[in-house]
Amino acid sequence: MNNLFLVLNILFVLACNNPPSSHPKEEKTTQKVSKTLTDSIPSKVGLLLRAYKNIVSFDGKYIVFPSGKKIIFDDSTKKNTEALLNSPDIEDMFCWAYNTEADKPTEDPGRVRNEDFFKAVYGETSTEVRTHLMALKWCPNTVNQTIMFSTKNGAYEALQKVSAELDKHPEWSKYLTNIGGTFNWRVIKGTDRLSAHAFGITIDINTAYSNYWQWDCDCTNENANLDYKNRIPMGIVDIFEKNGFIWGGRWRHYDTMHFEYRPELLTK
C-alpha cells in the first residue's frame with residue numbers, strides 16, 4: 001500500500017512539471033493568428049500605427065481616429081508630382097523613401113503631406129494645436145533659447161533628446177542659435193498647403209547658415225533648375241534623424257534649416 005501511494009505521488013509530480021502538449025500547440029496557433037493579422041495590414045499602415053499613438057485602427061480602407069474621423073489610406077489614383085504635393089492621400093506620403101545615406105537628393109521624401117491626416121493627429125485649428133504646445137529649453141548650456149513644440153505623439157520628448165545631445169557639442173552652437181521657428185500656423189510660400197510648422201512639429205535652425213531653394217532661385221517654381229547647397233554639419237543631421245526627425249536637406253527642393261518630426265518615415 002505504501003509503495004502504491006509512493007508511485008501515485010511520483011506520477012502527480014511528473015504531471016505537474018510536464019504540462020499537456022496542447023499548450024505549445026496553442027502558443028503556435030496564437031502566433032500564426034497574430035502573423036495573419038499583421039500580414040493583412042499594409043506595411044505602410046503598420047508604420048503609421050507604430051508612429052502615431054492616437055490612430056486607433058485601420059478598417060481595410062480608412063485610417064480611423066478616436067474622434068470617429070476616417071481618412072482614406074489609398075485612393076488608388078496615379079498622380080504626377082504636382083498632384084502628390086497638392087492632393088495626396090495618406091499612402092502617397094510614402095511615395096519617396098527617406099534615405100539617411102543619400103548624398104545629393106533627387107526626390108523630396110517627406111514633402112508630401114496629407115493635411116487632413118496631420119490635422120487629425122495634431123489639431124484641426126491653430127487654437128487646437130496651441131493647446132498641445134509646451135515650452136522647451138533648447139540646448140540650455142550652449143544656446144539657452146525657449147521654444148514651443150507639440151507634446152503629441154512623442155514629438156516633444158524626441159526634441160528634448162535632440163537638444164540634450166546637441167548641447168554636448170559647443171562646436172556646433174553657431175548653427176543652433178537664433179532658432180528660425182517652430183510653431184507657426186501658416187501656408188508654404190507660393191502654395192495653399194499648410195506648412196508642417198502649423199502643427200508644432202518642425203524646427204528651423206539658424207538661417208544664417210542655411211540654404212533654401214526658394215531663396216537661391218528667387219522663385220516658387222517647383223520645376224526650377226536647382227543647384228543643391230548645404231552648410232549644415234552632418235553630425236547635427238544624424239542626431240535629429242536618429243530621434244525621428246527628417247531633414248529638409250535630403251530634398252531636391254532643399255531646405256537645410258528644416259527638421260520635421262516624422263517618425264513614420266524613419267521607423268523600420
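Cluster annotation: Y122 is connected to L194 through the hydrophobic network of ILVMFWY side chains, with a link wherever side-chain heavy atoms come within less than 4.5 Å. Connection of L47 to Y62 is not established within any shared hydrophobic cluster, with ILVMFWY side chains joined at heavy-atom distances below 4.5 Å, either directly or through further cluster members. A continuous path of hydrophobic side-chain contacts links M234 to M257 [ILVMFWY only; heavy atoms under 4.5 Å].
With sequence neighbours left out, the disulfide (SG to SG under 2.5 Å) criterion links C219 to C217. Residues forming a ring pair (Phe, Tyr, Trp, His ring centres under 6.0 Å) with F240 (at least two apart in sequence, or on another chain): F245, F259.
Remark: D74 does not engage K61 in a salt bridge, criterion side-chain N to carboxylate O under 4.0 Å. A salt bridge between E124 and K69 is present, with a side-chain N of the basic residue lying under 4.0 Å from a carboxylate O of the acidic one. For K44 and E91, the salt-bridge test passes: some basic side-chain N is under 4.0 Å from an acidic carboxylate O. For the pair R50 and E264, the salt-bridge criterion is not met [side-chain N within less than 4.0 Å of a carboxylate O]. The pair R262-E241 fails the salt-bridge criterion, with no side-chain N (NZ, NE, NH1 or NH2) lying under 4.0 Å from an Asp/Glu carboxylate O.
For the pair T146 (side chain) and K137 (backbone), a donor-acceptor distance under 3.5 Å is absent. For Y261 (side chain) and N153 (main-chain N/O), a donor-acceptor pair under 3.5 Å exists by modelled atom type. Between the side chain of D75 and the backbone N or O of D89, no donor-acceptor pair lies under 3.5 Å. Judged by distance alone, with hydrogens and angles left aside, the side-chain atoms of S195 form a donor-acceptor pair with the main-chain N or O of H197 at under 3.5 Å. Looking at N243, its side chain does come within 3.5 Å of a backbone N or O of I239 through a donor-acceptor pair. Here the side chain of W185 pairs no donor or acceptor atom with the backbone of T125 at under 3.5 angstrom.
Inter-residue side-chain proximity for K70 and D59 is flagged as met; some heavy-atom pair is nearer than 4.5 Å. Between I205 and I232 there is a side-chain heavy-atom pair separated by less than 4.5 Å. In this structure the side chain of F94 reaches within 4.5 angstrom of the side chain of L48, judged on heavy atoms. With contacts defined as side-chain heavy-atom distances shorter than 4.5 Å, the pair T256/R231 does not qualify. Counting heavy atoms from C-beta on, the side chains of S163 and W138 come closer than 4.5 Å. Looking at P233 and Y175, their side chains come closer than 4.5 Å, going by heavy atoms from C-beta outward. By the 4.5 Å heavy-atom criterion applied to side chains, V129 and S126 are not counted as neighbours. Between D167 and P140, some side-chain heavy-atom pair lies under the 4.5 Å cut-off.
Checked against R193 for a side-chain contact (heavy atoms from CB on, under 4.5 Å), the options V187, I188, V112 give a single hit: I188.
A donor-acceptor contact closer than 3.5 angstrom links the side chains of Y254 and D216.
The aromatic rings of W213 and H253 lie perpendicular to each other, with more than 60° between the two planes, well past the 30° mark. Taking the six-membered ring for Trp and thresholds of 30 and 60 degrees, H169 and W172 have nearly parallel ring planes, at less than 30 degrees apart.
The two atoms that bring T182 and M148 nearest to each other are OG1-O, 2.8 Å, heavy atoms only. Across all their heavy atoms, I55 and I63 have their closest contact at CG2-CG2, 3.6 Å. D92 approaches K79 most closely through the heavy-atom pair OD2-NZ, 2.6 Å. Heavy-atom minimum distance, S150 versus I201: CB-CG2, 4.2 Å. Taking every heavy atom of both residues into account, Q145 and T177 meet most closely at OE1-C, 4.3 Å. Of all the heavy atoms in R250 and A102, the pair that sits closest is NH1-O, 2.9 Å.
By the neighbour-count criterion of 12 heavy atoms within 6.0 Å, atom CG of N80 is densely surrounded, having more than that number from other residues, nucleotides or ligands. The neighbour count for D103 CG, taken as heavy atoms of other residues, nucleotides or ligands under 6.0 Å away, does not exceed 12. At most 12 non-hydrogen atoms from other residues, nucleotides or ligands lie less than 6.0 angstrom from CD of E82.
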Inset, instruction - I would like to know whether K119 and E115 meet salt bridge (charged side-chain N to carboxylate O under 4.0 Å, His left out); could you show each step before the answer? - result: CA-CA 6 Å; K119 284 182 175 180; E115 194 170 296; 3.5 Å; yes
Legend entry - Evaluation steps, side chain to side chain contact (heavy atoms under 4.5 Å, CB included), between Y98 and T100: CA-CA 7 Å; Y98 188 86; T100 58; 3.8 Å; yes
Inset, instruction - Check step by step if salt bridge (charged side-chain N to carboxylate O under 4.0 Å, His left out) holds for E260 and R111. - result: CA-CA 10 Å; E260 178 180 335; R111 284 188 78 216; over 6 Å; no
Inset, instruction - Could you give me the CA-CA distance, side-chain angles and deciding distance for L159 and I203, then say whether side chain to side chain contact (heavy atoms under 4.5 Å, CB included) is met? - result: CA-CA 9 Å; L159 190 61; I203 178 171; 4.3 Å; yes
Legend entry - side chain to side chain contact (heavy atoms under 4.5 Å, CB included) assessment of I236 paired with W247: CA-CA 10 Å; I236 293 176; W247 177 45; over 6 Å; no
Inset, instruction - Determine, step by step, whether T202 and H258 satisfy the side chain to side chain contact (heavy atoms under 4.5 Å, CB included) criterion, reporting the C-alpha distance in whole Å, the side-chain angles of both residues, the deciding distance to 0.1 Å, and the verdict. - result: CA-CA 7 Å; T202 298; H258 180 98; 3.2 Å; yes
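In this structure, Y52 has its ring center under 6.0 Å from that of F117.
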